[in-house]
Each structure stands twice: as C-alpha cells, then as structure tokens.
Protein chains: 2
Amino acid sequence: MSENKYLSIYNDLLSKIEKGIFKPGMKIPSENQLVEQYETSRETIRKALNLLSEHGYIQKIKGKGSIVLDVRKFDFPISGLISFKELAQKLGKPSRTIVEQLEVMKPDDMLKKHLHVTAREDIWKVVRVREIEGERIILDKDFFNKKFVPFLSKDICERSIYEYLEKELQLKISFAKKEFFVEECTDEDRKYLHVEQYTHVVVVRNYVYLDDASLFQYTESRHRLDKFRFVDFARRIHLH
Amino acid sequence: MSENKYLSIYNDLLSKIEKGIFKPGMKIPSENQLVEQYETSRETIRKALNLLSEHGYIQKIKGKGSIVLDVRKFDFPISGLISFKELAQKLGKPSRTIVEQLEVMKPDDMLKKHLHVTAREDIWKVVRVREIEGERIILDKDFFNKKFVPFLSKDICERSIYEYLEKELQLKISFAKKEFFVEECTDEDRKYLHVEQYTHVVVVRNYVYLDDASLFQYTESRHRLDKFRFVDFARRIHLH
DNA sequence: TTGACTTACTTGTATATACAAGTTAAAATA
DNA sequence: TATTTTAACTTGTATATACAAGTAAGTCAA
C-alpha cells in the first residue's frame with residue numbers, strides 16, 4: 001500500500017493493534033525480531049515504532065520492549081487533523097451534512113486577520129450543519145483562500161471537501177492549529193442548530209496549513225455544549 | 001545542559017526560535033550547515049529538527065529547507081503534559097494554589113474505574129483551587145495511587161506536586177490522555193469556585209501514566225466556562 | 001538460602017554512507 | 001531572447017555498525 005517501508009510497517013503494526021492481534025498490555029515483538037519479520041534494518045523498524053509511540057499506541061520501555069497501550073482503544077475523536085467524514089466513519093453513528101451556504105466573498109476584518117489575506121483576494125465561504133443521529137449538533141463555517149481552491153460545488157461540500165482537495169486538487173494538507181473555547185450562542189447558532197436550552201456553544205477555531213506552510217483554510221466549528229467531546233494524547237518532554 | 005546531543009541541539013534551536021534569533025517565516029540553517037555548527041552527524045541534527053517539527057515550531061520542506069512557524073508564538077496553553085506551575089510561569093499572570101482537601105481514602109466505584117485500583121488500595125485525594133488574577137477559576141481534584149506516592153503534604157500540594165514527584169521521588173511521568181467535555185455545575189463547583197452566572201463548567205479528565213505505562217494519577221480539572229482555553233497542534237498523517 | 005555476578009537480552013544514541021527526489025539558479029543551447 | 005539542460009543544493013529514506021544502558025534470569029559462591 002505505502003511506498004515507504006517504515007510507513008507500511010507502521011500501518012501493518014497499527015492494524016494488528018486495532019484488530020486485537022496485539023492486545024493492550026501485551027508485548028509486541030522486539031526490534032530485532034521485527035527486523036527479521038519485515039526483512040529490513042533496525043532503524044527502519046524504530047521509525048515505525050516511534051510513530052506508534054508518538055500517537056499513543058505503544059509504550060517503549062528501555063531494556064524491556066514495547067507494550068500495547070489501551071488509551072487509544074475506545075476514544076474518539078482523539079487529537080489530530082481529521083475530516084468530519086473520516087471522523088463519522090470511525091464513530092459509526094448515522095450522520096449527514098447539510099450545506100447551508102456556499103459563496104465567494106471578499107474578506108471582512110475578521111477574515112483578514114484569521115486567514116492572513118488582503119481585501120482584494122477572493123474567499124470561499126462554506127456553511128455546513130452536521131446532523132448526528134437526527135440532531136443538528138455542529139455548525140461548521142469554513143473559509144478557503146480561492147487562490148488554493150479555485151472551484152467548489154454543493155456536491156463536493158456535502159460529500160467531503162478534504163477528499164476533493166487532496167485527491168482532485170492534490171493539495172498537501174500538512175498541519176493545523178486548533179483553539180478551543182466556549183462562547184455564548186449567537187442568532188446564527190440558534191438559526192441553524194438545535195441548541196435546546198443551552199446558552200453557550202463550544203467553539204473550535206481551526207487554522208489549516210499546506211505542505212509549504214501556507215495558511216489556506218480557516219474554520220470555525222461550533223458544537224452544542226452537551227455533545228462536545230475531545231480527547232488528547234500528550235507525552236511529557238524531559239530536558240535533563 | 002542535556003546529556004543527549006540531539007536534545008541539547010533541540011533545546012538550543014528552540015531557544016533561538018523563542019528569543020527571535022530565528023524569526024517566523026525565516027529559514028533556519030540547512031541540515032549540513034547545522035552538522036558543521038554543532039560538529040555532529042546529520043542523523044543527530046535530523047532528530048532535533050523532527051522534534052521541532054512535531055511540536056509545531058518548524059516546517060520541513062523537501063528540497064528547500066526548514067522554516068520557522070508562528071503557530072506556537074502567542075498561544076498557551078498548547079497541548080502537552082504540563083503542570084499548573086509550569087503553565088502559570090509561561091502565562092505570567094499572578095496565580096495562587098489553595099489546598100482545600102488532602103487525605104488518604106479508599107477508592108469508590110468512580111475511582112476504581114478511572115484509576116484501575118482495587119477496593120483495598122489506598123488513594124491520595126487532593127482538592128485544589130487555582131486562583132488566577134484573584135478569581136477562583138479552576139478546581140483540580142487529583143487522585144494518586146499511594147503505591148507510587150507514599151507521602152504528600154499541604155506544602156507540596158501548594159508548591160508543585162509534579163516537581164516533588166519528579167525531583168524527589170524520581171518518578172518518570174511519561175504520557176497522559178486528556179478528555180474534554182462540558183458538564184453542569186455541581187454543588188462542589190459552586191462551593192469552591194466563583195462560577196458567577198454560568199450553569200456549566202468545562203471538565204478535563206486527565207489520566208497520567210509513568211514510564212512503564214502504569215496509571216498512577218487521575219485528575220478531574222473543572223474550569224469556569226468563560227476562562228477556559230486550549231490550543232492543539234496536529235499534523236495530518238498521510239499513508240500513501 | 002541469600003546475595004553478588006555474569007550473561008543474554010532489550011531499547012537508546014551516535015555515526016557513516018548511499019541514493020532518491022524536490023528546488024533553484026546558473027549554464028548551455030536553440 | 002527564450003527555453004532546456006545541467007549542476008549544486010535541499011530534505012527523505014534505507015542500511016550498517018558500534019557502543020551505552022536498562023532488564024531479567026540464571027549461575028556461582030559465601
């Protein structure tokens with residue numbers, strides 16, 4: 001599947017963890033054993049194992065080996081740069097995307113600040129509602145620099161913009177900064193979402209960057225309070 | 001400072017970024033130039049650069065070089081495993097910790113589930129309020145397995161438990177899983193915090209693990225809605 | 001039996017080399 | 001002049017080797 005050796009080994013080990021062939025608490029084969037299994041060098045194995053460790057799938061213990069963790073077992077959404085479609089597929093709940101707005105606009109002051117664009121540049125504005133199990137839970141307001149995304153359609157926005165961007169436009173989405181905070185409901189929230197009795201929403205500001213570090217997307221994702229959940233995995237950095 | 005070559009190079013480059021010697025948008029020296037500067041091998045330089053990249057400080061671009069990002073510039077708290085003392089020092093706001101409870105207890109059902117302990121084991125319960133700029137903003141309820149932390153005092157809890165655990169007890173805190181969600185205020189919240197008019201709090205469940213993957217701490221951190229903020233940096237995983 | 005030592009394993013770090021592949025600018029060519 | 005080619009850079013991947021350091025279990029001696 002992968003052209004990279006270490007990435008395909010990462011994938012293979014990951015699928016063995018997810019399928020339960022390697023169970024939480026269990027030791028996976030030692031680096032030298034994996035070298036023989038995959039017929040490669042130890043450094044290549046170590047690259048794959050370090051990726052698994054970074055992502056919270058295993059813990060490497062010096063002198064002992066690597067054991068499978070269970071922190072990734074039941075928890076979604078876990079930290080990462082992932083599209084709603086990918087998330088919905090993992091969650092397995094019936095969900096639907098409703099495109100409420102799709103237009104090209106000039107940036108206002110808010111957008112000039114968040115998307116780092118000038119007044120003359122064109123911006124795609126996409127407003128979508130995510131319906132989960134029949135309830136309108138999330139309001140996604142996406143803004144794309146038209147320089148990077150010349151064309152968009154309602155159909156693309158309903159299916160998956162990321163799939164289109166990566167597969168059709170060959171954009172290399174690389175990293176994102178996310179800011180989480182809580183804000184009072186706006187009229188727009190009440191218009192598009194089932195906010196129920198709640199007075200606040202959880203807001204996730206998403207700044208998404210391409211391979212060459214250019215900012216191409218700003219997203220404001222507004223979640224109904226009671227349905228919001230986020231999981232983060234973090235490693236402590238020791239500098240001694 | 002560090003015994004590790006690649007970690008000390010990571011530190012050195014990081015401090016140059018934080019001091020503004022390397023500014024956002026700027027290229028840092030190429031790997032080969034750094035090899036000469038630090039008199040080391042390219043693989044060692046690459047380990048340092050890959051760490052900086054993971055943590056959101058630089059973007060490596062094939063064929064071009066590494067450029068400094070600004071996503072880490074103004075934002076705290078950013079994702080990571082960091083103590084309140086470390087956080088408060090970075091934020092620079094006047095803050096104070098008030099120890100409200102400190103006792104040894106037997107686990108109830110909630111704790112047996114969250115801390116993976118049996119009914120017979122002893123648990124440290126520490127309830128602390130974090131006062132920021134004079135307001136009681138955060139309620140931290142920490143639970144430590146007494147097996148790992150035989151002794152605690154009010155003084156330690158006021159200063160920094162982590163500093164005590166790492167420096168005195170030599171515990172190797174390794175990784176954590178954090179769950180974020182929103183919950184209705186409890187009587188306890190209203191007792192200890194200035195919740196004002198808010199009906200909900202942001203809850204952060206923290207599961208903290210040692211080097212050998214043993215769960216030693218469970219923390220419930222309850223934040224006043226309007227003061228909560230969290231920043232996450234994520235890289236997209238491409239598997240092709 | 002107890003404790004110290006040895007041995008064989010584990011992962012961690014540092015180095016060297018080779019080649020692939022993307023970028024850029026100078027040089028050669030039409 | 002305009003275009004193509006080349007050369008010199010950049011980072012990415014894969015391999016090999018050496019040694020350090022932590023773990024665990026068996027061996028040997030007191």
Side-chain angles (χ1 to χ4, degrees), chain A residues 1-13 26-54 57-69 170-172 174-175 210-214 235 237-240, chain B residues 1-13 26-54 57-69 170-172 174-175 210-214 235 237-240:
Chain A
M1 192 204 296
S2 303
E3 32 187 277
N4 284 39
K5 228 174 201 176
Y6 81 90
L7 272 180
S8 72
I9 294 170
Y10 167 84
N11 273 325
D12 196 56
L13 293 172
M26 239 180 87
K27 259 200 211 151
I28 66 173
S30 76
E31 292 178 357
N32 285 320
Q33 286 172 317
L34 292 171
V35 163
E36 292 202 353
Q37 278 181 38
Y38 289 100
E39 293 176 313
T40 183
S41 67
R42 190 171 153 227
E43 280 305 308
T44 300
I45 294 294
R46 283 179 60 75
K47 271 193 187 176
L49 295 185
N50 283 331
L51 257 190
L52 288 170
S53 169
E54 274 169 43
Y57 292 106
I58 65 169
Q59 177 76 350
K60 308 192 76 190
I61 306 174
K62 193 177 189 174
K64 294 181 83 169
S66 298
I67 60 177
V68 179
L69 298 180
Q170 299 281 321
L171 288 184
K172 282 166 189 163
S174 180
F175 62 92
L210 298 177
D211 217 10
D212 62 352
S214 54
R235 286 195 172 273
I237 309 168
H238 294 102
L239 306 171
H240 52 98
Chain B
M1 193 203 295
S2 302
E3 30 187 281
N4 284 38
K5 228 175 201 177
Y6 80 91
L7 272 181
S8 71
I9 293 169
Y10 166 85
N11 273 325
D12 196 55
L13 293 172
M26 239 180 84
K27 259 198 209 152
I28 65 172
S30 76
E31 292 178 356
N32 285 319
Q33 287 173 315
L34 291 172
V35 163
E36 293 201 353
Q37 277 183 36
Y38 290 99
E39 293 177 312
T40 182
S41 67
R42 193 171 151 227
E43 279 304 309
T44 300
I45 293 294
R46 285 178 60 74
K47 270 194 187 176
L49 294 185
N50 284 330
L51 257 191
L52 288 170
S53 170
E54 274 169 42
Y57 293 106
I58 64 170
Q59 177 74 351
K60 307 193 77 191
I61 306 175
K62 193 178 189 175
K64 294 181 83 170
S66 298
I67 60 178
V68 180
L69 299 180
Q170 299 281 319
L171 289 185
K172 282 167 191 163
S174 180
F175 62 93
L210 298 178
D211 216 11
D212 62 350
S214 55
R235 288 196 171 271
I237 310 168
H238 294 103
L239 307 170
H240 50 101

Answer yes or no: does atom CD of A/E36 have more than 12 heavy-atom neighbours from other residues, nucleotides or ligands under 6.0 Å?
->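 No - once you tally the heavy atoms of other residues, nucleotides and ligands closer than 6.0 Å, there are 12 at most.
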[atom1]/[X] to [atom2]/[Y] distance, rounded to the nearest 0.5 angstrom?
X     : Y     : atom1 : atom2 : answer
A/T40 : A/I9  : OG1   : CD1   : 5.0 Å
B/S66 : B/R46 : OG    : CZ    : 9.0 Å
B/I45 : B/Q33 : CD1   : CD    : 11.0 Å

Any B/K64 side-chain nitrogen or oxygen under 4.0 Å from OP1 or OP2 of C/dT24 |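 Checking B/K64 against C/dT24: at least one side-chain N or O falls below 4.0 Å of OP1 or OP2.
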Which of residues 42-51 of chain A sit near DNA chain C, with a heavy atom under 4.0 Å from it?
->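 Contacting residues: A/R42, A/E43, A/R46.
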With sequence neighbours excluded, residues passing salt bridge (charged side-chain N to carboxylate O under 4.0 Å, His left out) with B/D12 =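 Counting only residues at least two positions away or on another chain, B/D12 forms a salt bridge (charged side-chain N to carboxylate O under 4.0 Å, His left out) with B/K16.
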Quickly, which of A/I61, A/I58, A/I28 forms a side-chain contact (heavy atoms from CB on, under 4.5 Å) with A/I67? Name it, please.
->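 Running side-chain contact (heavy atoms from CB on, under 4.5 Å) over A/I61, A/I58, A/I28 with A/I67 returns exactly one hit, A/I61.
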Backbone N/O of B/D211 and side chain of A/Q59: donor-acceptor pair under 3.5 Å =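 Looks like yes, one N/O pair under 3.5 Å.
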Span of DNA chain D in contact with chain B (heavy atoms, under 4.0 Å) =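 Footprint of chain B along DNA chain D, 5' to 3': D/dT10 to D/dA14.
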Answer whether the closest heavy-atom distance between the side chains of B/Y6 and B/L51 falls below 4.5 Å.
->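 They are in contact (side-chain heavy atoms under 4.5 Å apart), so the answer is yes.
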pair A/Y57-A/L13: side-chain heavy atoms closer than 4.5 Å =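 Result no, sub-4.5 Å side-chain heavy-atom pair not found.
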Heavy-atom closest pair, residues A/S53 and A/R235 |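 So the two residues come closest at O-NE, 2.9 Å.
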Please report the closest heavy-atom contact between B/L210 and B/F175, naming both atoms and the distance.
->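 Distance-wise, the nearest heavy atoms are O-CE2, 4.0 Å.
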If each of A/K62 and B/I28 is mapped to the nucleotide of DNA chain D with the nearest heavy atom, which maps nearer the 5' terminus, i.e. the 5' end?
->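 Its nucleotide being nearer the 5' end, the pick is B/I28.
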If you pin A/I61 and B/N32 to their nearest nucleotides in DNA chain D, which one's is more 5'?
->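 On the 5' side of the pair lies B/N32.
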Angle of first-five versus last-five pair axes in the helix from C/dT1-D/dA30 to C/dA30-D/dT1, to 10 degrees =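 Comparing the first five pairs with the last five, the axes sit 10° apart.
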Just the atom pairs and distances: protein N or O near nucleotides 7-9 of chain C's N or O, under 3.5 Å.
none

Kindly state each residue pair satisfying salt bridge (charged side-chain N to carboxylate O under 4.0 Å, His left out) with at least one member in residues 57-68 of chain A, sequence neighbours excluded.
->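 Sorted result for residues 57-68 of chain A: A/E31-A/K60.
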What's the verdict on side-chain hydrogen bond (donor to acceptor under 3.5 Å, both in side chains) for A/S30 and A/N32, showing C-alpha distance, side-chain angles and the deciding distance?
-> CA-CA 5 Å; A/S30 76; A/N32 285 320; 5.3 Å; no
